[in-house]
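Worksheet: the structure to be examined is printed underneath.
Just so it is clear, the model here is predicted, and its values are computed rather than measured. The figures here come from the full heavy-atom set of this structure, side chains too, leaving out hydrogens, waters and symmetry mates.
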Amino acid sequence: QPSARSGGRLKAEMRIELYFWLATVIPTLMGSPTGEAHGAATESAADGRTFYASPRGSDTHSGSLSAPFQSAQRCVAAASLPGDSCLLRNGIYREQVRLNHTGGSSAAAVTLAGFPGERAVISGLDVVSPRTGWNHVRKLPSGASVYEAYTDSEYSALFVNGLLQMSARWPHVRLQDSWDRSHTFAITGKRSALVQNSTPPTALLDIDGAPAGVNWVGALVCLSVGFQSKCTTVLGVEAPGLVRVQAAVCQHCTGSRGWKRREYFLSGPTGAIGVSGEWSQDGGKITVALPPGTTPSDVVIEGRVRHAAL
């Protein structure tokens, strides 16, 4: 259940839901904003050396054009002197590259670049590798199919064919509509109120309209407060469509309005998946809803495992 997630996992989910597909959740790529690295290396000193890497190479090679390294990190490590260059051949480098050199200068820079005319990507994503394959678990009313698999990795974001998937949530929202508040938030109902004399202070949120049958305990709940969203977890379910949360999440929920008519969304439980493009992870189990007629073998499913690629 979502309540079992670590603090880091919860924070990652909060970033995803609060900022959606901003750069904080999109893996850092080397090169242009599209992740491509084009053109020749920056001009180096005349005596600078050039090393090469290719996903089809080997880190035991010499790093020459005919015998390239395999990893970008090995190539960068070799290009250690002022004026040296590391050129990445076409392909995806699924690793984190650390640029630790301090010996370069403006006249003799240590250069990391894409090989001329080729596309090199340093990615924060790994391809999801299930232990025993993907299983079809249900079909949604929209026609989308829900698949699940067990993996040894923990992912802070999921991408299908390069497109960011939304964390399982209510209300459901497509990525392209995530900037529209009318799609992104639901409205708390008239039963919402501060719980008197509770320690620590708690409040009840009327989420009538959220999918029935979903266990929301431990789910992330975010309220729109002023110009930002404040998030906490659901502590319990008091009645159908009525959940308890920590009151500290909304210190401005006072006066006659109180906790009523507040914008909110819920996120996390696997049971909340309701449309194509949503996903969740519960421990080692990953669940994703794919478009009608699509199976996992038809697409590339990748998970974010590195905070940054460079």
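Under the side chain to side chain donor-acceptor pair (under 3.5 Å) rule, Asp126 has a single partner from Arg94, Arg304, Arg306, which is Arg306.
With sequence neighbours excluded, the residues satisfying side-chain contact (heavy atoms from CB on, under 4.5 Å) with Thr294 are Leu290, Pro291, Asp298, Val299. Legend: residues meeting side-chain contact (heavy atoms from CB on, under 4.5 Å) with Val225, ordered by chain and number and at least two apart, are Leu223, Lys230, Cys250, His252.
Both tests hold for Arg169 against Phe265: distance to the six-membered ring centre under 6.0 Å, angle to the ring axis within 45°.
Ion pairing of Asp282 with Lys285 is absent here, as no side-chain N (NZ or NE/NH1/NH2) approaches a carboxylate O to less than 4.0 Å.
Remark: Tyr52 OH to Ser62 OG distance equals 11.0 Å, nearest 0.5 Å. Between Ile273 atom CD1 and Gln165 atom CD the span is 10.0 Å, to the nearest 0.5 Å. Taking CZ of Arg89 as the start and SG of Cys75 as the end, the distance is 11.5 Å to the nearest 0.5 Å. With rounding to the nearest 0.5 Å, the separation of CD1 in Ile122 from CG in Leu310 is 4.5 Å.
Residues Ile286 and Ile301 form no side-chain contact, since every pair of their non-hydrogen atoms from C-beta on lies 4.5 Å or further apart. Cys86 is not listed as a side-chain neighbour of Phe69, based on a closest heavy-atom distance of 4.5 Å or more.
Within the structure, side-chain hydrogen bond (donor to acceptor under 3.5 Å, both in side chains) contacts touching residues 200-212 (residues at least two apart or in different chains) are Arg191-Asp206, Ser198-Thr202, Thr202-Arg244.
A donor-acceptor contact shorter than 3.5 Å is absent between the side chain of Glu118 and the backbone of Leu88.
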